[in-house]
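Whatever order the structure lists them in is the order used to number ligands and atoms, beginning at 1.
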Amino acid sequence: MQTSNLDIAGVSPARLATLMARESAAYAKARPKTIAALQGAAGTYLDDVPMHWMKDWPMPFSMVIDKASKARITDIDGQKLDDFCLGDTGSMFGHAPAPVTKAIRRQARRGLTYMLPSADALALGDLLVARFGDYRWQIATTATDANRFALRVAREITKRRKVLVFNGCYHGTVDDAFVALEDGKTITRPGLMGQVTDLSETAVCVEFNDLAGVEAALAKGDVAAILTEPVMTNSCMVLPAPGFHEGLRALASQYGAVLMIDETHTISSGLGGYSRQNGLTPDIFVVGKCVAGGMPTALWGLSPDLAIRYETANAARASGHSGMGTTLSANPMQFACLRANLSAVMTPENYARMEKRAARLEQGLRWAITAHKAPWHVVRVGARVEFICAPGPLHNGAEAATAHKPALEAAIHVGLINRGCLIAPFHNMMLISPATKKRQINRLITAFDQILSELFD
Ligand SMILES: Cc1ncc(COP(=O)(O)O)c(C=O)c1O
């Protein structure tokens with residue numbers, strides 16, 4: 001196919017418009033009950049949905065879900081989809097894994113929240129070390145909270161103001177991380193609701209894979225912590241360059257900054273996340289979303305050395321609220337689910353299955369991209385696979401932002417839904433759970449191939 005300057009990632013705008021119009025109409029036609037339910041609830045919710053992100057999917061209107069099990073999700077019109085979004089990682093181990101639902105039933109008879117530790121909590125020590133490594137843990141309810149609390153510790157210990165984050169990062173709705181790079185300067189990201197402070201006063205933004213930029217920022221002496229994902233997963237996926245993480249570790253130690261690794265998405269890499277799989281040694285380890293099999297739970301752990309420094313700092317601070325913790329965090333239901341998930345679901349055997357099936361998906365997507373001569377590429381971090389509508393590899397957040405093609409991706413997403421496959425909404429991410437079957441992966445590859453035929457052939 002001939003391409004022109006107007007093409008979007010090699011696709012003609014006319015073909016794209018035709019595909020989107022047809023797929024949107026097919027999506028709507030298949031969902032009369034959904035339309036009626038949404039109309040019936042009009043006016044109930046601010047923004048029409050219980051959490052406004054639910055409007056950020058690319059379909060003409062939201063799906064309304066009846067139920068989900070394993071790697072399948074069913075809407076109220078009875079449309080069954082193979083689920084590769086898996087709640088954007090919350091259900092990465094499959095919807096409602098049996099050991100976790102059993103633990104929920106058992107704990108429900110013993111109470112839901114006490115603000116006191118349960119026996120499950122105290123029994124978890126060895127399992128936490130076995131799964132993630134030697135850290136001193138705290139439990140939060142969301143990864144956002146875990147990051148916020150850990151940042152407080154880093155600031156308290158170092159007595160420094162700033163957090164260094166990478167351009168294009170996402171670490172939850174943590175204020176400090178909502179900065180971007182513009183003409184080499186750190187700016188507050190546009191679009192934030194009610195933002196009244198200049199975030200460049202408390203954060204510095206650098207491009208991923210830019211060790212010289214990191215060193216220049218650290219050399220100013222005001223950086224308390226480097227907060228990073230091991231792989232950037234919240235823009236189009238960016239892998240670390242060889243030596244990047246070793247460099248970060250060395251620079252953090254040299255300049256006295258705390259190295260925080262947020263494994264909330266890269267826990268897809270294998271047991272213990274990317275850090276464990278690749279020998280990274282953060283000072284603070286954070287993970288959330290799927291860690292308790294879908295029960296809202298996050299962990300943040302300090303290395304033994306940092307934990308000693310924490311104890312000193314904690315003993316020295318004035319009495320009063322620490323600014324860390326929430327009432328419902330570390331409740332017994334979280335621990336029941338955490339214990340069940342870590343012992344029976346987040347296992348080496350399940351990770352091996354996820355890895356094998358994710359490699360199959362990666363290969364299939366790559367084959368389709370090559371067959372249709374699309375100028376695109378595929379990236380994978382364990383069970384997390386992404387197709388990117390641009391040539392690769394990408395090196396940093398600025399390149400990732402340019403690679404993102406919202407209109408084209410939206411049409412592909414709706415096309416995939418109409419062919420029975422749901423992928424994550426904000427970019428082109430697909431997760432493989434232990435419950436994901438080979439035939440579901442084959443269906444996704446076939447659907448992707450069909451859509452590429454329409455776009456390219
Ligand atoms: C790397 C990373 N950290 C933290 C979070 C925040 O998780 P939550 O929304 O559960 O607080 C996210 C969410 O996508 C994430 O991708």
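- Annotation: ligand 1 has protein neighbours Thr142, Ala143, Thr144, Asn147, Tyr170, His171, Gly172, Glu229, Asn234, Asp262, Thr264, His265, Lys289, each with a heavy atom less than 4.0 angstrom from the ligand.
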Could you give the side-chain donor-acceptor pairs of residues 320-333 under 3.5 Å, partners two or more places apart or in another chain?
from, atom 1, to, atom 2, distance (Å)
His321, ND1, Gly323, N, 2.9
Ser322, OG, Met324, N, 3.1
Ser322, OG, Met324, O, 3.4
Thr326, OG1, Ser329, OG, 2.5
Ser329, OG, Thr141, N, 3.4
Ser329, OG, Thr141, OG1, 2.8
Asn331, OD1, Met333, N, 2.9
Asn331, OD1, Gln334, N, 2.9
Asn331, ND2, Leu328, O, 2.8

Item to check | Stepwise side-chain hydrogen bond (donor to acceptor under 3.5 Å, both in side chains) test for Asp262 and His171 | outcome: CA-CA 7 Å; Asp262 179 352; His171 296 281; 2.9 Å; yes
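- In this view, Phe208 and Phe166, Phe244 satisfy the ring-ring contact (aromatic ring centres under 6.0 Å, His included) rule, not counting sequence neighbours.
- A perpendicular orientation is assigned to the rings of Phe285 and Trp137, their planes being inclined by more than 60° (bins at 30° and 60°).
- Side chains of Lys67 and His95: no donor on one and acceptor on the other come within 3.5 Å.
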Tell me which donor-acceptor pairs under 3.5 Å the side chains of residues 97-108 have, and how far apart each pair is, sequence neighbours excluded?
from, atom 1, to, atom 2, distance (Å)
Thr101, OG1, Ala98, O, 3.0
Gln107, NE2, Gly111, O, 3.0
Gln107, NE2, Tyr114, OH, 3.2

